Amino acid sequence: MSSFDDMDAFEGASLSARAMAARPAPYLDGLNPAQRQAVETLDGPVLMLAGAGTGKTRALTARIVHLLSTGRARPNEILAVTFTNKAAREMKNRVGQMLGQPAEGMPWLGTFHAICVKLLRRHAELAGLKSNFTILDTDDQKRTLKQLLQAYEIDEKRHPPRAIASLFDRWKNNAWTPDRVPAKEDSELWGERLYSSQEISSATRSYEFRSRNWESGAVGRRLVTAVELYGMYQARLKELNACDFGDLLLHMVTIFRNYPDVLEKYQRWFRYILVDEYQDTNVAQYLWLRLLAQGHRNICCVGDDDQSIYGWRGAEVGNILRFEKDFEGAHVVRLEQNYRSTPHILAAASNVIRGNESRLGKELWTDAAEGEKVRLIGHWDGEEEARWIGEEIESMQNGTRGMRPFSLDDMAILVRASHQMRAFEDRFLTIGLPYRVIGGPRFYERMEIRDAMAYFRLVVSPADDLAFERVVNTPKRGLGDKAQQTIQRIARDNGVSLLDGAALAVEQGAIKGKGAAALRELVAGLARWGRMTGDKDLSHMELAEIVLDESGYTAMWQNDKTPEAPGRLENLKELVKALEGFENLQGFLEHVSLVMDNESDEAGAKVSIMTLHAAKGLEFPVVFLPGWEDGLFPSQRSMDESGVKGLEEERRLAYVGITRAEEVCTISFAGNRRVFGQWQSQMPSRFVDELPADHVEVLTPPGLYGGGYGASGMAAGASPVMRTAAESDLQDKASRADVYNSPGWRRLQERSAQRPVSQPRESRHQVIDLEAVSAFSVGERVFHQKFGYGAVAGIEGDKLEIAFEKAGTKKVVARFVTAADDVPF
DNA sequence: AACTGGCAGGCCCGG
DNA sequence: CCTGCCAGTT
């Protein structure tokens, strides 16, 4: 195992542990007794039960620094695992700060996935892969599955690739290779009809004859079972020299199980193991950790059962509960002093989470000053909710309602589901409120970016068949279904990659018509660009530009007349710019496959918009929690699929949301919301009822009592469309929360009678804007303060749809736009 | 081979 | 409301 020899030198063990030890230990200053215990109990297993805001990251980083400065371990002998890239980055920064120098020398601090990739590249051959394997994202995964389903003529309507992908994911999360899936998981037969080997041989030959363990499985007069399909899928991935996300863990666990010598070396190498967010580990991750920790048992896991919100992707709260059993003699440390939130916020969170049966039970406390009560407000509909929050954010910047002023950076909107973000984006764009979306629809998932990346992948690894399929006819080269099938057949018959197959097809003249010349050019181009990767005088950014230009991809968008085209070209430029921070194309591709986040470092304060899931581990002075409506939050689907367990996870999500707030927490719900474009009336979330009245202040929604904010009523908007069945339920709620049994609520009811649900309210603004809008015509060149120049692409109600040159296409209220000629410079 | 319009189904959450 | 798929055209 020669790869171990260079581990000593690995990425520089540049931090001088001995130098640190001579100094006192400032990193211990200010830790409370529990934290201190968590930091200083170095030997043997430690379980740190750390509630929200109790300083666990601080304890964890102090522990790392302690390990280093006492000389217990060198930086590259510590294995520190997190779930998200954000958490890993944060920990790296904080360790660096405490040490007073960058923590570059900690190569094994990272996400489970990132660390597993690193390990797997060293031992790829043990998993039947080459070390330059590619990592498939969910999109590639689904496409691969789809091809398999087609090969087996399995009905895609009845078994959508999506569903199958999630089944296989689940199995992988349980560390089940095809031969380990329990029989009862596979009781169902999946094929829709009988197969004779003759029927399937032409379509599926490649899968069944090339796979190692499953060649006989699907042939013959039998239905295809799920497990067999799983085996086929795994075999196919090996052919592609690829892994999906689940495989990264699964392969490593399998290698550790099957090659004790490999495991043993890593057990010795990683002298101390630290795990963040332990409640989120799934079985595969748990096994991986347990295998690595078996020798010295120096493992420290930090978690909070109340913040377990990843059950849907296989997380097992059970892992945290059975820690003491697995690691006998474990020290358990509880962190219960909260340093983040005010007592009101903490009380609200505690009261909500109390509704859960299955929990270890912690009580957080704080000695912070009382502060603001949690604020609750109901709105007419989702758009008004967005409007109100926008206005509230603007006024909170200057200080309002007796509160201190807050910067936009201090404020966050946390939503249950990402589709809720659009309402806020729309609203904030029109009023010009700067915002950043964290983890929204991601940059690297955009079509043009994925296309460009596929070209890069093909340049770096010509055998990447998925990438080839993606770009072979993009831009259009006259290579349709038939031509592509020909390439597939030739590649299969010769046992080569699609690209090589394409080269053969060109030589043999198997492709007719104008496609032939285009394909020849593509093949030649890829070969040429591939050679250029070795050219020292050519930066990889220049190479990227050459690839995009010479392939005709850039030209494709330049010739595109749709309003999105300029935005896409802009994105491509950004992509090339993003390459700058990397050694080469390969390194960049690796980064992107694991770190899909797209945090723009644009200057200026901004409100953050993100999902509750993305918010875990973060904190903000001001937090808005919109959309607390039954069905949306708690999510109907979650309850349908997982019953009480699902509801409890939703409740933990509510707990996570509230505990993100330091000073001001505002919860809101809307009476009407658009679902799939249809207006639907909504009931307030059951979690609203679980908020303790003593710690909640009910705000008056706009539109009541003339819309004054200072009105002292207890009124809040509720579902304005009354359903008699729900009426008694609401009255019932009213007696508890005292929210709905109020004049304002009744007034809302009356109003709803006059105003049909399907007809959104018209505001005074709208009348003005309709005048403003008429000043513009389609095609006119205009200017916007924030987005710059653009052309009017359409007019919709009070809004202009504008294709901006820099910012892409947006809908903007007319009064924020001026004709380009009027701009004074 | 490429484009078109109609239509079904989906929108939970992530590495 | 959005996207992806299908059938039918050009």
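Just so we're clear, the structure is a prediction, and the values are computed from it rather than from any experiment. Naming convention: chains lettered A, B, ... in sequence-line order (proteins, then strands); numbering from 1 in each chain.
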Visitor: How about A/Tyr230 and A/Trp176: are their ring centroids closer than 6.0 Å?
Guide: no
Visitor: Taking 4.0 Å as the cut-off, does a side-chain nitrogen or oxygen of A/Thr611 come that near to OP1 or OP2 on B/dC12?
Guide: no
Visitor: Assign A/Tyr310 to base, sugar-phosphate, or nothing according to its heavy-atom contacts below 4.0 angstrom with the strands shown.
Guide: sugar-phosphate
Visitor: Relative to the ring of A/Trp557, is the ring of A/Tyr553 parallel (under 30°), tilted (30 to 60°) or perpendicular (over 60°)?
Guide: perpendicular
Visitor: Kindly say if A/Asn473 contacts the phosphate of B/dA2, meaning a side-chain N or O under 4.0 Å from OP1 or OP2.
Guide: yes
Visitor: Return the value, rounded to whole Å, for the distance between atom CZ of A/Phe676 and atom C1' of C/dC2.
Guide: 10 Å
Visitor: Look at the side-chain N and O atoms of A/Arg637 and state whether any lies under 4.0 Å from the OP1 or OP2 oxygen of B/dC12.
Guide: yes
Visitor: Measuring centre to centre across the rings, with the benzene-like ring taken for any Trp, is A/His379 within less than 6.0 Å of A/Phe669?
Guide: no
Visitor: Using heavy-atom distances to pick each residue's nearest nucleotide on DNA chain B, tell me which of A/Asp481 and A/Ala114 is more 5'.
Guide: A/Asp481
Visitor: Counting heavy atoms from C-beta on, name the nucleotide in C/dC1, B/dC12, B/dG15 closest to the side chain of A/Ala417.
Guide: B/dC12
Visitor: Would you indicate what A/Leu612 reaches in the nucleic acid, counting non-hydrogen atoms under 4.0 angstrom: base, sugar-phosphate, or nothing?
Guide: nothing
Visitor: Nearest of B/dG15, B/dC12, B/dG14 to any side-chain atom of A/Asn85?
Guide: B/dG15
Visitor: Round to a whole Å and report the spacing from CD of A/Gln680 to P of C/dC1.
Guide: 15 Å
Visitor: In this structure, how many angstroms lie between the C1' atom of B/dG14 and the CE atom of A/Met610, rounded?
Guide: 15 Å
Visitor: With heavy atoms under 4.0 Å as the rule, sort A/Thr84 into base, sugar-phosphate or nothing.
Guide: sugar-phosphate
Visitor: Hey, does A/Glu641 reach any base, or is it just sugar-phosphate, or nothing, if we go heavy atoms under 4.0 Å?
Guide: base
Visitor: Rounded to whole angstrom units, what separation is found between the CD atom of A/Gln484 and the C1' atom of B/dA2?
Guide: 13 Å
Visitor: Rounding to an integer number of Å, can you tell me how far A/Gln279 CD sits from B/dG14 P?
Guide: 16 Å
Visitor: Please say which of A/Ser638, A/Ser642, A/Ser685 ends up in a side chain to side chain donor-acceptor pair (under 3.5 Å) with A/Glu650.
Guide: A/Ser638
Visitor: Looking at A/Lys157, does any N or O in its side chain come under 4.0 Å of the phosphate oxygens OP1/OP2 on C/dG4?
Guide: no
Visitor: Whole angstroms only, please: what is the CD-C1' distance between A/Glu383 and C/dC1?
Guide: 12 Å
Visitor: Quick one: does A/Arg416 reach the base of B/dC12 with a side-chain donor-acceptor pair under 3.5 Å?
Guide: yes
Visitor: B/dC11 phosphate, OP1 or OP2: any side-chain N/O from A/Arg162 under 4.0 angstrom?
Guide: yes
Visitor: Please confirm whether A/Phe424 and A/Tyr435 have ring centers closer than 6.0 angstrom.
Guide: no
Visitor: Rounded to whole Å, how long is the line connecting atom CG of A/Leu632 with atom P of B/dC12?
Guide: 10 Å
Visitor: Where the side chain of A/Arg422 is concerned, which of B/dA1, B/dC11, B/dG15 is the nearest nucleotide?
Guide: B/dC11
Visitor: So what does A/Phe633 hit on the nucleic acid, given a heavy-atom distance under 4.0 Å: a base, only sugar-phosphate, or nothing?
Guide: nothing
Visitor: Taking for each residue the nucleotide of DNA chain B with the nearest heavy atom, is it A/Ser635 or A/Lys476 whose nucleotide lies nearer the 5' end?
Guide: A/Lys476
Visitor: Send over the distance from A/Asp640 CG to B/dC11 P, rounded to a whole Å.
Guide: 15 Å
Visitor: Any base atoms under 4.0 Å from A/Lys146, or only sugar-phosphate, or nothing? Heavy atoms, all strands.
Guide: sugar-phosphate
Visitor: Step through it carefully: locate the ring centre of A/Tyr310, locate the ring centre of A/Trp312, and say whether they are under 6.0 Å apart.
Guide: yes
